[in-house]
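Inspection log for the structure reproduced underneath, given as structure tokens.
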Amino acid sequence: MALILRSLWAVTLLMAQACEQGNDLQPLEPEYPYPEVYVPLADQDVLARNRQGTAVVNGGYGASMEAVPGEEGAFYMLTNRGPVAGGTGAGEKVFIAKRFNPHIAKFKLAGDSMRLVRKITLTMATGEANGIPNPQVENMPGAGTTGEIALDTLGRIIEPSPNGIDPGGLAVAPDGSFWVSEEYGPSLIHFSSGGQLQEKLTPFEADPEKTALPAVFTRRRPHGGMSGLTMMPDGKTLAGIMESPLNNPDAGVGTASRNVRLLLLDPETGENAQYIYRLLGTQTVVCEIQALDSTSFLVLERDAGFPGGTSAPGLYKHIYKIDISGATDISDAENRLTGKLINGKT
């Protein structure tokens with residue numbers, strides 16, 4: 001669903017306008033003739049097969065999507081952490097392809113199909129990125145972990161990996177490099193145009209001279225990290241939005257909250273601002289954001305249902321246009337773990 005925001009402009013604009021009641025809208029013609037019937041990609045990567053021979057392919061390019069600057073009909077697409085299924089025990093997750101490398105791929109429209117042009121492997125400090133949950137951050141109980149028990153397909157425990165990332169958002173910098181937001185940290189990771197790690201920004205940075213995310217983001221809800229990312233028009237400021245409210249000060253408050261944080265950050269200077277995006281309810285989440293200008297954005301808010309499902313049909317997939325020009329900056333000058341306090345409360 002995150003793929004809607006950047007590239008299918010006709011659909012995006014129509015849905016954004018439709019949120020304004022009373023508008024008499026004219027149909028928008030797509031710039032490119034999208035196929036009426038799904039056409040499988042050629043040369044798909046088979047990651048695994050089950051005993052019946054069913055293939056798991058590619059890993060899914062559904063995390064985020066960005067237009068390739070200056071190249072019509074071409075897109076960068078981002079995978080998430082790879083194919084994962086629920087285990088039989090509490091907190092167990094089966095990583096069907098444990099060696100899966102979260103990556104960026106370049107696709108181009110060609111006739112009635114989408115062709116994979118280039119696959120960009122993402123590389124961390126000590127090797128290729130993988131989708132395995134991170135180890136515990138030293139001296140910070142509960143920070144940086146998901147609480148999951150990672151298993152392989154034989155039921156063996158997979159040890160946490162410092163190279164593990166769970167990508168959520170993608171932004172392309174003016175120099176062609178990539179910024180990826182991910183949910184394990186949460187983190188903002190800078191990769192070169194070839195996929196090599198340049199820097200990783202987290203809320204756990206011990207060196208005060210280095211840029212870090214605000215400390216309050218250590219209280220992210222597991223699987224509720226930074227799911228959306230966009231580059232601001234100035235070409236240097238990143239805007240990232242959390243999927244779910246923070247567990248601030250605890251999970252009880254977080255579960256009942258509708259307040260999701262939007263972070264504006266200059267990676268060079270560390271200067272940042274934070275704003276509140278209010279969810280429709282406690283059962284919806286944010287999965288993507290796209291900057292329109294210096295103060296306005298498109299935000300994709302959704303429920304957890306799959307469209308057409310019989311047991312829990314997806315009913316809520318909305319795009320909202322928001323503006324922060326009159327919003328209150330809630331960043332904390334003291335950078336406390338609690339973030340800014342209002343009358344002593346988070």
Side-chain angles (χ1 to χ4, degrees), residues 2 44-50 55-65 76-87 89 91-106 116 118-138 142-171 177-204 213 220 222-227 229 240 243 287:
Q44 299 184 89
D45 291 332
V46 177
L47 305 178
R49 292 184 184 274
N50 67 7
V56 177
V57 298
N58 291 333
Y61 292 103
S64 192
M65 185 179 191
Y76 291 120
M77 298 188 190
L78 176 69
T79 71
N80 58 19
R81 64 178 178 172
V84 178
E92 291 182 346
K93 295 292 183 180
V94 178
F95 285 73
I96 297 169
K98 65 180 181 181
R99 294 182 179 85
F100 177 76
N101 169 243
H103 60 275
I104 298 167
K106 179 182 176 181
L116 195 159
R118 181 187 176 204
K119 184 176 176 180
I120 303 169
T121 299
L122 299 180
T123 304
M124 304 300 287
T126 57
E128 288 188 2
N130 59 59
I132 308 302
N134 297 159
Q136 173 68 53
V137 177
E138 187 177 359
T145 64
T146 61
E148 296 171 316
I149 302 171
L151 305 175
D152 64 16
T153 54
L154 297 178
R156 299 172 297 194
I157 291 178
I158 304 173
E159 294 300 319
S161 172
N163 291 336
I165 60 174
D166 186 8
L170 175 67
S177 62
F178 302 102
W179 281 94
V180 171
S181 66
E182 67 90 33
E183 300 196 40
Y184 283 156
S187 307
L188 287 175
I189 310 177
H190 192 195
F191 295 99
S192 70
S193 59
Q196 289 76 37
L197 176 69
Q198 305 295 295
E199 58 182 324
K200 181 178 180 180
L201 310 182
T202 76
F204 313 117
L213 303 188
R220 67 95 175 93
H223 304 296
M226 195 168 290
S227 61
L229 186 67
E243 180 175 293
C287 58

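Only heavy atoms go into these numbers, but all of them, side chains included; no hydrogens, no water, no symmetry mates.
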For [X] and [Y], work out which heavy atoms get closest and say how close.
X: P167; Y: V180; result: CB-CG1, 4.0 Å
X: T146; Y: R220; result: N-NH2, 4.3 Å
X: T202; Y: S187; result: CG2-OG, 3.5 Å
X: G131; Y: F95; result: O-CE2, 3.3 Å
X: S227; Y: E183; result: CB-OE2, 3.9 Å
X: E182; Y: D166; result: OE1-N, 3.1 Å

**Request:** In sequence, state the C-alpha distance, the side-chain angles, and the governing distance for V46 and V56, and then conclude on side-chain contact (heavy atoms from CB on, under 4.5 Å).
**Result:** CA-CA 6 Å; V46 177; V56 177; over 6 Å; no
Query raised in the report: Between F178 and Y76, does the ring centroid distance fall short of 6.0 Å?
Result: yes
Do [X] and [Y] touch side chain to side chain, with heavy atoms closer than 4.5 Å?
X: D152; Y: I158; result: yes
X: M226; Y: L188; result: yes
X: P133; Y: Y184; result: yes
X: M124; Y: I165; result: yes
X: V94; Y: T153; result: yes
X: W179; Y: I189; result: no
X: N163; Y: T126; result: yes
X: R99; Y: L47; result: no

Can you tell whether the side chains of E148 and R81 come within less than 4.0 Å, N to carboxylate O? yes
[atom1]/[X] to [atom2]/[Y] distance, rounded to the nearest 0.5 angstrom?
X: T121; Y: E128; atom1: OG1; atom2: CD; result: 5.5 Å
X: F100; Y: N80; atom1: CZ; atom2: CG; result: 7.0 Å
X: L78; Y: M65; atom1: CG; atom2: CE; result: 12.0 Å

Verify side-chain contact (heavy atoms from CB on, under 4.5 Å) between S64 and M77, making sure each step is shown before the conclusion.
CA-CA 6 Å; S64 192; M77 298 188 190; over 6 Å; no
### Message
Could you walk me through whether Y61 and H103 satisfy the ring pair (Phe, Tyr, Trp, His ring centres under 6.0 Å) test, starting with their C-alpha distance in whole Å, then the side-chain angles of each, then the deciding distance to 0.1 Å, before giving a yes or no?
### Response
CA-CA 9 Å; Y61 292 103; H103 60 275; 5.3 Å; yes
So, does [X] use its side chain to make a donor-acceptor pair with the main chain of [Y] at under 3.5 Å?
X: S181; Y: G169; answer: yes
X: N101; Y: N130; answer: no
X: S192; Y: Q196; answer: yes
X: E92; Y: G87; answer: no

- Query: When you check the side-chain N and O atoms of N134 and S161, is any donor under 3.5 Å from an acceptor?
  - Reply: no
